[in-house]
Colleague: 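Structure in structure tokens, see below.
No experiment lies behind these values; they were computed from the predicted model shown. These numbers come from the heavy atoms of this one structure, side chains and all, not from hydrogens, waters or symmetry mates.
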Amino acid sequence: MSDAVIVNSSRLKSIVWNDFDRVKKGDTFVAICRHCKKKLSGSSTSGTSHLRNHLIRCQRRSNHGVAQYFSAKDKKKEGSLALVTIDQEQKNDEVLSIVNLRYEQEQIKSEHVGIGSNSLDQRRSQFDLARMIILHNYPLAMVEHVGFKIFVRNLQPLFELVTRNKVEADCMEIYAKEKQKVYEIFDKLPGKISVSADMWTASEDDAAYLSLAAHYIDENWQLKKKNLNFVTIDPSYTEDMHSEVIMNCLMDWDIDRKLFSMIFDSFTSDNIVERIRDRLSQNRFLHCNGQLFDVRCAVDLLNRMAHDALEALCEITQKIRESIRYVKSSEATQATFNELADEVQVETKKCLCIDNPLKWNSTYFMLEAALEYRKVFSCLRDRDPVNRKFLLSDPEWDRLITVTSFLKLFVEVTNVFTRSKYPTANIFFPEICDIHLQLIEWCKNPDEYISSLALKMRKKFEEYWYKCSSGLAVAAMLDPRFKMKLLEYYYPQLYGDSATELIDDVFECIKSLYNEHSIVSPLASSINQGLDWQASGIPSSGKDSRDRLMGFDKFLHETSQAEGSSSDLDKYLEEPLFPRNVDFNVLNWWKVHTPRYPILSMMARNILGIPISKVAAESRFDTGGRMLNHNWSSLPPTTIQALMCSQDWIRSELES
């Protein structure tokens with residue numbers, strides 16, 4: 001730099017120039033570090049933030065005294081250190097000139113950088129940033145947004161800003177680590193796993209995604225859920241290909257041999273389910289020959305029946321909307337409506353409002369409120385013939401009353417099913433049976449309009465009942481407040497003289513399930529181990545060879561069989577019912593009674609963990625399907641899966 005000229009630094013007010021020489025070469029200014037001779041921009045438009053950051057990281061300069069570069073005038077009155085200062089004269093250059101912001105991307109050799117007692121763990125901070133993005137559905141590109149960069153620089157100038165590609169790599173690393181944790185959980189599980197399958201779409205295009213989630217009861221008798229996969233499904237996939245995708249996911253997690261049941265939407269093809277069941281049955285992985293394998297979502301069934309009811313009310317619902325809009329159209333009309341409400345002595349406090357078509361329960365609430373004002377609307381029709389076209393006739397009001405009662409039942413039952421984040425399978429049977437009984441009555445309605453609607457809903461219900469009634473009944477039996485009594489109460493109402501035979505069929509399924517669990521129970525294996533030793537004369541590795549009571553074990557086993565001792569199942573059914581109360585927790589009951597019913601508790605763990613409903617509480621009344629967040633929908637499929645699964649795992653960890 002023979003033609004370079006060193007500029008007098010006395011005119012430069014920032015303290016950083018004590019460690020830099022400002023050199024002019026032609027029309028360009030360069031700042032040269034006096035410690036490591038690194039060359040940086042010395043232009044006035046570049047400001048001094050990059051120089052200050054370099055001094056903090058400079059390997060040839062001690063960190064001693066670095067704090068002086070954070071101006072004392074920006075300290076709070078309490079004496080806390082402000083991490084960033086901006087010279088008043090340079091604010092326009094350093095903050096407002098966003099276009100000229102430059103951030104040095106020098107590689108940090110040490111992950112821990114300290115200023116006095118303050119320190120920054122760069123790697124941990126990067127992972128915290130990635131976790132934040134995963135947790136809150138933020139776009140990966142936010143790390144390159146100018147506003148985010150300014151915020152981070154002003155908050156913590158020691159943090160080395162990362163690129164979009166880097167934060168994506170960090171997200172993938174988090175996914176890999178969290179996935180390993182889930183593998184280890186599955187490996188140690190004491191029971192079986194049920195898997196739910198959901199279809200998602202993207203808002204921008206017609207892309208479809210298959211989401212698989214595992215549901216199980218852990219060693220502490222807590223019902224848990226873990227997302228497994230979130231894979232792209234091509235619309236051209238055949239049913240064979242669809243089932244193959246699911247099988248590959250199950251085998252990748254090595255849970256195909258641990259599978260108890262799968263939960264599908266009502267519209268999932270039976271052929272897909274059959275192909276998966278056949279594959280698993282070939283290896284004898286399924287209990288009861290797969291009789292309890294195919295489970296359909298109960299809340300999905302309620303949503304479909306509610307859709308039928310609202311479809312039948314389509315014209316009436318539209319008239320109600322127009323009537324409400326008319327009432328709300330002017331203050332004068334609203335005042336007239338209120339006067340009429342006082343005249344006919346309407347006592348309701350419900351407010352008339354237009355529904356949200358994306359939430360079917362809001363349509364129900366709109367119709368329910370309108371029914372409270374039926375007399376008012378009738379008076380309004382007589383006073384205002386011009387608007388009579390969208391005011392309901394008396395027969396329409398009568399039909400609305402009946403169909404709204406259908407919707408009321410569906411809303412109430414849906415709320416019961418989704419009251420808990422992870423409902424156990426025992427709560428569903430009585431609610432589903434009540435709906436069954438109501439459908440039978442609704443089909444007897446003399447109004448063909450109502451009876452035809454009821455028949456349409458009943459057809460959907462019976463398809464569900466055919467697949468799921470056995471599993472629901474077994475789960476109810478495992479509730480110590482009900483046992484077999486709930487079947488004995490409902491089945492005669494549903495089936496009349498055929499009830500006894502059907503109850504016997506359910507009990508045969510229960511006994512078969514119990515016998516299969518008894519074969520694989522630790523209790524059975526310990527007895528068999530002792531008997532094998534007696535037969536071979538070779539000491540078992542699990543027993544002390546000097547144990548003189550091994551013969552007693554054989555004697556006890558033989559005499560117990562000869563005397564016909566009661567099984568877990570027999571003892572459980574013979575004992576009195578547990579009192580019904582609001583605070584009862586069926587999983588806590590089985591946790592306490594596991595020593596008394598070691599085999600039956602294994603069966604309870606697997607049955608009660610079946611997610612009879614897989615719909616989240618926040619989307620239980622949605623009329624559309626699940627939709628992928630637009631911030632992630634354009635990412636590569638592997639990244640989408642990593643983000644969606646990691647989000648579920650991190651949220652579960654935070655909740656626990």
Side-chain angles (χ1 to χ4, degrees), residues 111 120-140 142-143 159 162 166-198 200 209-231 249-250 252-255 258-259 263 418-424 585 587-588 591 605 608-611 613-619 626 628-629 631-632 635 638-656:
E111 290 187 355
L120 170 71
D121 186 335
Q122 172 71 21
R123 198 76 186 110
R124 177 176 176 177
S125 296
Q126 286 180 203
F127 280 123
D128 286 343
L129 174 59
R131 283 176 179 271
M132 179 189 73
I133 288 172
I134 292 170
L135 198 56
H136 300 293
N137 292 108
Y138 294 147
L140 298 183
M142 70 172 287
V143 297
F159 179 70
V162 295
K166 176 57 180 169
V167 80
E168 183 175 354
D170 289 341
C171 290
M172 297 301 292
E173 188 172 340
I174 289 171
Y175 168 69
K177 291 178 179 178
E178 295 295 328
K179 185 175 182 179
Q180 184 58 38
K181 292 181 187 177
V182 179
Y183 267 125
E184 292 170 3
I185 290 172
F186 290 164
D187 189 52
K188 298 174 183 177
L189 272 185
K192 295 277 189 175
I193 295 171
S194 292
V195 172
S196 61
D198 271 312
W200 289 54
Y209 303 91
L210 171 69
S211 173
L212 297 179
H215 305 257
Y216 58 91
I217 294 175
D218 66 11
E219 65 277 4
N220 296 316
W221 284 90
Q222 296 292 317
L223 190 54
K224 300 289 186 181
K225 168 185 166 289
K226 296 286 184 186
N227 276 11
L228 300 176
N229 296 92
F230 197 87
V231 295
C249 290
L250 298 176
D252 175 60
W253 280 98
D254 195 25
I255 60 172
K258 293 185 177 182
L259 203 60
I263 299 82
T418 56
R419 186 179 299 150
S420 168
K421 185 172 183 180
Y422 301 124
T424 47
N585 185 313
L587 296 184
N588 283 346
K591 180 179 180 180
R605 188 190 294 274
L608 296 177
I610 299 174
S613 168
K614 59 185 177 62
V615 177
E618 63 271 13
S619 56
R626 305 292 299 275
L628 180 64
N629 186 284
N631 288 331
W632 293 353
L635 297 172
T638 53
T639 304
I640 293 176
Q641 174 169 266
L643 294 173
M644 292 296 290
C645 292
S646 299
Q647 182 184 79
D648 174 74
W649 301 335
I650 293 171
R651 285 179 177 176
S652 298
E653 188 177 339
L654 291 174
E655 288 170 2
S656 62

Colleague: What distance do E173 atom CD and R123 atom CZ have between them, rounded to the nearest 0.5 Å?
Modeller: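 Answer rounded to 0.5 Å: 5.0 Å.
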
Colleague: With a 4.5 Å heavy-atom cut-off, do W632 and N137 have their side chains touching?
Modeller: yes

Colleague: For K181 and E184, run salt bridge (charged side-chain N to carboxylate O under 4.0 Å, His left out): C-alpha distance rounded to whole Å, both residues' side-chain angles, the deciding distance at 0.1 Å, then the answer.
Modeller: CA-CA 5 Å; K181 292 181 187 177; E184 292 170 3; over 6 Å; no

Colleague: Would K179 and W253 count as a cation-pi pair here, with the cationic atom under 6.0 angstrom from the ring centre and within 45° of the axis?
Modeller: yes

Colleague: Does the side chain of N631 pick up a donor-acceptor pair with the side chain of N629 at under 3.5 Å?
Modeller: yes

Colleague: Any idea how W200 and F230 line up, ring-wise: parallel (<30°), tilted (30 to 60°), or perpendicular (>60°)?
Modeller: perpendicular

Colleague: Just so I know, are the side chains of Q122 and F159 near enough to count as touching, which here means a heavy-atom distance under 4.5 Å?
Modeller: yes

Colleague: Do you see a donor-acceptor pair shorter than 3.5 Å between the side chains of Q647 and N227?
Modeller: no

Colleague: Would you mind reporting whether H215 and S196 have side-chain heavy atoms less than 4.5 Å apart?
Modeller: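 Touching, per the 4.5 Å side-chain cut-off.
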
Colleague: Just how far is it from atom CG of N229 to atom SG of C249, taken to the nearest 0.5 Å?
Modeller: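 So the gap between those two atoms works out to 3.5 Å.
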
Colleague: Looking only at non-hydrogen atoms, find the nearest pair between I263 and K614 and report the distance.
Modeller: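 Smallest interatomic distance, heavy atoms only, reads CG2-CD, 3.7 Å.
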
Colleague: Distance under 6.0 Å and angle within 45° of the ring axis: does K226 meet both against F186?
Modeller: no

Colleague: When rounded to the nearest 0.5 angstrom, what distance separates CD1 in I650 from OH in Y175?
Modeller: 12.5 Å

